[in-house]
Amino acid sequence: MPELPEVETVRRGLAPVMEGAVIARVEQRRADLRFPFPERFVERLEGARIAALGRRAKYLLADLDTGETLVSHLGMSGSFRIELDGGEETPGVFHIPRGKALAHDHVVFHLDGPKGRVRVTYNDPRRFGYMELLRREAMDAHPYFAGIGVEPTGNALSPDYLAARFRGKTAPLKAALLDQRIIAGLGNIYVCEAMWRSRLSPEKPAGRLVMQDGAPAPALARLVGDIRDVIAEAIEAGGSSLRDHIRTDGSLGYFQHRFSVYDREGEACTSPRCGDTVRRIVQGGRSTFYCASCQQD
DNA sequence: CCTTGAACCTGGGCGC
DNA sequence: TGCGCCCAGGTTCAAG
């Protein structure tokens, strides 16, 4: 389910119950997700206090007072849900009374925190997600984070930055935008949406958005603005919910109602007076949705 | 370095 | 109802 806006939505949902909480008990229901769990996973977590819940790209980061950080990636189908064990109803936290175990619940964190006793359950049907425990000072050097690109929400994403990274690239723009080594956090949905907003062809070689002297073509300034906007709007909307519920309280994000092209094959392009139809092509084994009339740059 | 394609895994939807 | 196929928000690895 998750690109950056969905992961950020999860982070915001979990933070009120996780920050400041002590991990009283962990139920690890299988030996692996996409990868094996780290050695002594349960032992290293139990008794630890969660200082802060952060995010880098599509990774959730729970900083522990043990000096380690619990890193989790939701893959394609991972989700967290919160269940309160009695205690008071908390504004902003959905109360799921008697949580019964669901298929594909793989890890249950029993927390003792500011909102009372809470269970945070990780569910992941496809098991493309993974968890890791890293010492904070070693995180940047870990393969998950070394060489990862800039956040699409920050100032580091600029036309000049993209020009430097795109220069000489023959790969299609779509592939370059999905490349986590360049921008970390974009996925298939928001890449399609950003390219449509910028009126850029997904098949255009990325290097052709760079001038001879290495300066960014004007389209890159547009693209940077549109990436920022679409990500910010999606976060604001609580992310997109396609096939699954993604929010920790069981409610749905609603950005999917604002898709211009993603998953809209055959529907009318929403650009005023366009009249064309959204098409789907396959690039690098993944669907690209776009409007061939609007996206010719 | 680059690119493509397959692999990982389960489930939902659709056509027959 | 059932079966087979295609598709899915991601990443990694092998091969050309």
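Quick caveat, the model's predicted, so the values are computed rather than measured. Naming convention: chains lettered A, B, ... in sequence-line order (proteins, then strands); numbering from 1 in each chain.
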_Donor-acceptor side-chain pairing of A:D124 and A:S77 below 3.5 angstrom_ = yes
_For a quick test of reading the model: is some side-chain N or O of A:S77 closer than 4.0 Å to OP1 or OP2 of B:dG11?_
no
_Listed once per pair and sorted, the ring-ring contact (aromatic ring centres under 6.0 Å, His included) pairs that draw on residues 121-143 of chain A, sequence neighbours left out_ = A:F35-A:Y130, A:H73-A:Y130, A:F80-A:Y122, A:Y130-A:Y144, A:H142-A:Y144
_Distance in angstrom units between A:Y262 OH and C:dC7 P, rounded_ = 12 Å
*Report the C-alpha distance between A:V26 and A:V108 in whole Å, list the side-chain angles of each, state the deciding distance to 0.1 Å, and finish with yes or no for side chain to side chain contact (heavy atoms under 4.5 Å, CB included).*
CA-CA 6 Å; A:V26 178; A:V108 183; over 6 Å; no
_Suppose we screen for side-chain contact (heavy atoms from CB on, under 4.5 Å). Which residues come up paired with A:D213, at least two apart in sequence or across chains?_
A:M211, A:A215
*Rounded to whole angstrom, note down the P distance from C:dC7 over to B:dG5.*
14 Å
*Sugar-phosphate or base contact per nucleotide [nucleotides 4-10 of chain B; S, B, -; heavy atom under 4.0 Å]*: ----BBB
*In terms of side-chain heavy atoms of A:E3, which of C:dG10, B:dT3, C:dT11 is nearest?*
C:dG10
*Which of these nucleotides, C:dT12, B:dC2, C:dG10, is closest to any side-chain atom of A:N188?*
C:dG10
*All side-chain contact (heavy atoms from CB on, under 4.5 Å) counterparts of A:E203, not counting sequence neighbours*: A:S201, A:I281, A:Q283, A:Y290
_What is the distance, to the nearest angstrom, from the NZ atom on A:K169 to the P atom on B:dC1?_
10 Å
*Do the side chains of A:L242 and A:V191 join up, straight or via other hydrophobic residues, at under 4.5 Å, putting them in one cluster?*
yes
_Nearest whole Å is fine: how far is C:dG10 C1' from A:R181 CZ?_
15 Å
*asked:* Is A:H73 close enough to C:dT11 that one of its side-chain N or O atoms is under 4.0 Å from OP1 or OP2 there?
replied: yes
*asked:* Using OP1 and OP2 only, check whether a side-chain N or O of A:R286 sits under 4.0 Å from C:dC7.
replied: no
_A:L173 side, atom CG; A:L200 side, atom CG - distance, nearest 0.5 Å_ = 6.0 Å
*For DNA chain C, just give me the dot-bracket, please: Watson-Crick or G-U, both distances below 3.5 Å, ( ) intra-strand, [ ] crossing earlier pairs, | paired with another strand, . unpaired.*
.|||||||.|||||||
*Gap between atoms CG and C1', on A:L186 and C:dG9 respectively (whole Å)*: 12 Å
*Can you tell me how far C1' of B:dT3 sits from NZ of A:K174, to the nearest Å?*
15 Å
*asked:* Please give the distance between the P atoms of B:dG11 and C:dT11 as a whole number of Å.
replied: 22 Å
*Could you state the atom-to-atom distance from CG of A:L242 to C1' of B:dG13 in whole Å?*
14 Å
_If the cut-off is 4.0 Å, is A:Q180 near the phosphate of C:dT11, judged by side-chain N/O to OP1 or OP2?_
yes
*d(CG, A:L178; P, C:dG9) in whole Å*: 10 Å
*Within-4.5 Å side-chain heavy-atom neighbours: A:I227 and A:L177*: yes
*For the pair A:F255 and A:F259, name the ring-plane relationship: parallel under 30°, tilted 30 to 60°, perpendicular over 60°.*
perpendicular
*Looking for any heavy atom pair under 4.0 Å, which part of the strands does A:Y190 touch: base, sugar-phosphate only, or nothing?*
nothing
*Grab the CG-P distance between A:D179 and B:dT3 for me, whole Å please.*
9 Å
*Does anything in residues 159-178 of chain A pair up under side-chain hydrogen bond (donor to acceptor under 3.5 Å, both in side chains), and if so which pairs, sequence neighbours excluded?*
A:Y161-A:R165, A:K174-A:N188, A:K174-A:T288
